[in-house]
Amino acid sequence: MDSILVRGNGPLHGQIPIAGAKNACLTLMPATLLSDEPLTLINAPRLSDIRTMTQLLRSLGAEVTSLQGGQVLALSSHDIHNKTADYDIVRKMRASILVLGPLLARYGEAVVSLPGGCAIGARPVDLHLRALEAMGATLELRDGYVHASAPGGLKGGTVDFDFASVGATENALMAATLAKGITVIRNAAREPEIVDLARCLRAMGAQIDGDGSSEITIQGVDRLGGATHTVVTDRIELGTYMLAPAICGGEVELLGGRIELLEAFCEKLDAAGITVTETEKGLSVTRGNGDIRAVNVTTEPFPGFPTDLQAQMMALLCTANGTSVLEEKIFENRFMHAPELMRMGAQIDVQGGTATVTGVPKLKGAPVMATDLRASVSLILAGLAAEGETKVARVYHLDRGYEHVVGKLSGVGANIERISDT
Ligand code: EPU
């Protein structure tokens, strides 16, 4: 198993290219199941989660070809011969549940393993299932699998979410494109990844209005065609690398970055004393000579502060001047990075969904371990500004969501390497 070794060093300078969004790509790929014509995705990130989705789609009979070193994915679902998403693949990645809506909409049947819990929370899929029921699907839970059927096809209906779930909105949106009649999704998630999915579905011939707002209206069509679509920028990778100069000092330009993807996050950086400016090619982040100011952060669905940047923001606030309070409102168990940061000298008190961080002048390098993707990168960020060496174990979490992390950070002057622990 590999580890990442980081040694604290001075300011960072240079440019970091930001990849296409993992969480957009993971919902765009299953959209292939809605059509028998080719779907081409440009600007795909090179990540293990994308390989897992490739494996899942292939197990159903889809063709997935990786071109240009993985940055282009050519997908085709003209010969789907299996409508069962097996536990062995689904258990590796919760986003596998996103094949349920498309399979059911196109074929009137689907069997998908329940994903189970994960490190950051229980994460049930009840909202996905209720949305499909509102479109006329019959669902049965048997032997750990959801058996879904809609023999005459799905019918438009009203889906009223009591929480704006990202994945459930995506499943409902994809399913509704081929349902008969009109579907209205109320309290829909508004994340940029949803807007990106809607853009792609429209290019395939879907009739969708209101994506990006909390009410999406879909007029079902008989069939969808092919499309070529460019995946939206990964706002979480963007925010993560914006924090590198914020923590270490210096000035880094994030190529492809846009403020509107991360407004709430940029406001918090500003309050902490970090300057973000728009450039021709993206965003530039500078930390002046002053201290980081403590700020309070509450995670919320978009356009609020993203839960996927909470761990990384905590790494910044560990050395802020004063006390910051971080409230995690999306996942019930997403502070597992806190005890690891404390091993590096951070002062953090976690009570339920609230973490109180009292800034210390400097963190100290230590061997640490990550239990999820965003936690692992927060430990790398913390290590970049710590005294001495930090060894982050269980790097496979990182490979799920960050491509070339060592190359991207060493490219701006960070002292970071990947080592094999054999
Ligand atoms: N929830 C339910 N029932 C459901 C669905 C969700 O109770 O049927 C709960 C979850 O347990 C959670 C909350 O609702 O507490 C939010 O879940 P949501 O469905 O919005 O999240 P998701 O679709 O499972 C996506 C991202 C996550 C990101 C969240 C929130 C993908 C593949 N994953 O997950 O990304 O944290 O939205 O923004 O799009 C990551 O990239 O590190 C990551 C975890």
Side-chain angles (χ1 to χ4, degrees), residues 19-31 45 47-50 52-53 56 90 92-101 112 114-134 139 141 146 159-174 185 187-197 214 231-232 234-240 261-262 264-265 298-312 328-334 336-337 353 370-378 397-403:
K22 164 180 85 84
N23 289 346
C25 206
L26 287 176
T27 184
L28 291 163
M29 292 173 75
L47 302 169
S48 64
D49 271 7
I50 301 300
T52 305
M53 184 57 84
L56 174 59
V90 176
K92 291 190 201 162
M93 189 181 69
R94 286 183 46 83
S96 305
I97 192 76
L98 294 171
V99 301
L100 177 59
V112 177
L114 285 166
C118 71
I120 60 178
R123 298 179 85 182
V125 290
D126 54 321
L127 300 172
H128 299 241
L129 304 187
R130 267 191 260 141
L132 297 171
E133 276 175 338
L139 304 175
L141 300 184
V146 183
V159 176
D160 206 343
F161 288 125
D162 45 39
F163 178 84
S165 155
V166 174
T169 302
E170 291 165 346
N171 241 333
L173 177 57
M174 287 191 278
I185 306 177
N187 198 17
R190 292 181 280 166
E191 272 67 5
E193 293 75 23
I194 308 268
V195 175
D196 201 41
L197 173 63
S214 349
V231 181
V232 67
D234 194 318
R235 65 197 164 98
I236 306 303
E237 191 197 27
L238 171 64
T240 301
L261 293 172
L262 280 178
F265 172 75
T298 302
T299 64
E300 284 167 15
F302 191 86
F305 191 100
T307 173
D308 291 344
L309 284 172
Q310 177 261 109
Q312 303 89 311
E328 174 55 59
K329 297 274 197 195
I330 308 292
F331 294 110
E332 66 273 22
N333 190 26
R334 212 177 196 183
M336 286 159 308
H337 40 284
T371 35
D372 73 86
L373 165 61
R374 308 302 171 188
S376 56
V377 83
S378 82
H397 289 296
L398 199 71
D399 295 334
R400 295 186 61 173
Y402 291 91
E403 59 169 42

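When a ligand or atom number is given, it counts from 1 through the structure's own listing order.
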Taking all non-hydrogen atoms of both residues, which atom of Thr371 and which atom of Ala119 are closest, and how far apart? O-CB, 3.7 Å
Which residue and non-hydrogen atom of the protein lie closest to atom 24 (O) of ligand 1, and at what distance in Å? Arg123 NH2, 2.9 Å
min-distance protein heavy atom vs atom 7 (O) of ligand 1 -> Pro124 CG, 3.3 Å
Option from Arg334, His337, His397, Gln310 for which side chain to side chain contact (heavy atoms under 4.5 Å, CB included) with Arg374 holds: Arg334
Salt bridge check: are Lys22 and Asp308 linked by an N-O gap of less than 4.0 Å? no
Which distance, rounded to the nearest 0.5 Å, do you find between the OG1 of Thr27 and the CD1 of Ile194? 7.0 Å
Which ligand 1 atoms are under 4.0 Å away from a heavy-atom of Phe163? 13 (C), 14 (O), 16 (C)
Backbone, side chain, both or neither: what part of Asp308 comes under 4.0 angstrom of ligand 1, heavy atoms only? side chain
Could you tell me whether atom 9 (C) of ligand 1 has at least one protein heavy atom nearer than 4.0 Å? no
Give the minimum heavy-atom separation between Phe161 and Ala172, together with the two atoms involved. CZ-CB, 4.3 Å
Closer than 3.5 angstrom, by distance alone: can the side chain of Thr52 be matched with the main-chain N or O of Ser48 as a donor-acceptor pair? yes
Between the candidates Arg130, Arg334, Glu300, which shows the shortest non-hydrogen contact distance to atom 44 (C) of ligand 1? Arg334
Distance (rounded to the nearest 0.5 Å) between Leu373 CG and Asp49 CG: 7.5 Å
For atom 25 (C) of ligand 1, which protein heavy atom lies nearest, and how many Å away is it? Val166 CB, 4.0 Å
When you compare ligand 1 with Leu127, is there at least one nitrogen or oxygen pair between them that comes in under 3.5 angstrom? yes
Measure the distance from atom 29 (C) of ligand 1 to every protein heavy atom, then report the residue, atom name and distance (to 0.1 Å) of the closest one. Phe331 CZ, 4.0 Å
Please report the C-alpha distance between Tyr402 and Ile236 in whole Å, then the side-chain angles of each, then the deciding distance to 0.1 Å, and finally whether the side-chain contact (heavy atoms from CB on, under 4.5 Å) criterion is met. CA-CA 10 Å; Tyr402 291 91; Ile236 306 303; 4.0 Å; yes
Heteroatom distance test (Ser165, ligand 1): nitrogen or oxygen, under 3.5 angstrom: yes
Residue, atom and distance of the protein heavy atom nearest atom 23 (O) of ligand 1 read Gly167 N, 2.8 Å
Any chance you could measure Met174, atom CE, to Leu100, atom CG, to the nearest 0.5 Å? 9.5 Å
Output for pair (Met93 CE, Leu26 CG), nearest 0.5 Å, gives 5.0 Å
Heavy-atom pair with the smallest gap, counting every atom of Val125 and Leu114: CG2-CD2, 3.7 Å
Got the closest protein heavy atom to atom 15 (O) of ligand 1, with its distance? Ile330 O, 2.6 Å
Can you find a non-hydrogen atom of Lys22 under 4.0 Å from ligand 1? yes
Ala168: heavy atom below 4.0 Å from ligand 1, yes or no? no
How far is atom 42 (O) of ligand 1 from its nearest protein heavy atom, and which residue and atom name does that atom have? Arg374 NE, 2.9 Å
Look only at interatomic distance and state if Asn23 has a nitrogen or oxygen under 3.5 Å from any nitrogen or oxygen of ligand 1. yes
Flag Ile120 as yes when one of its N or O atoms lies below 3.5 Å from any N or O atom of ligand 1, and as no otherwise. no
Enumerated ligand 1 atoms positioned under 4.0 Å from heavy atoms of His128: 8 (O)
Which of the numbered atoms in ligand 1 are under 4.0 angstrom from any heavy atom belonging to Leu373? 42 (O)
Can you name the atoms of ligand 1, numbered from 1 with element, that are less than 4.0 Å from a heavy atom of Val125? 4 (C), 8 (O)
Part of Thr307 within contact of ligand 1 (heavy atoms, under 4.0 Å): side chain
Testing the basics here: between Ala264 and Gly304, what is the closest heavy-atom pair and its distance to 0.1 Å? CB-C, 3.6 Å
For atom 3 (N) of ligand 1, which protein heavy atom lies nearest, and how many Å away is it? Asp126 OD1, 2.7 Å
Closest non-hydrogen atoms of Pro115 and Val90, given as atom of the first, atom of the second and distance, are CA-CG1, 3.8 Å
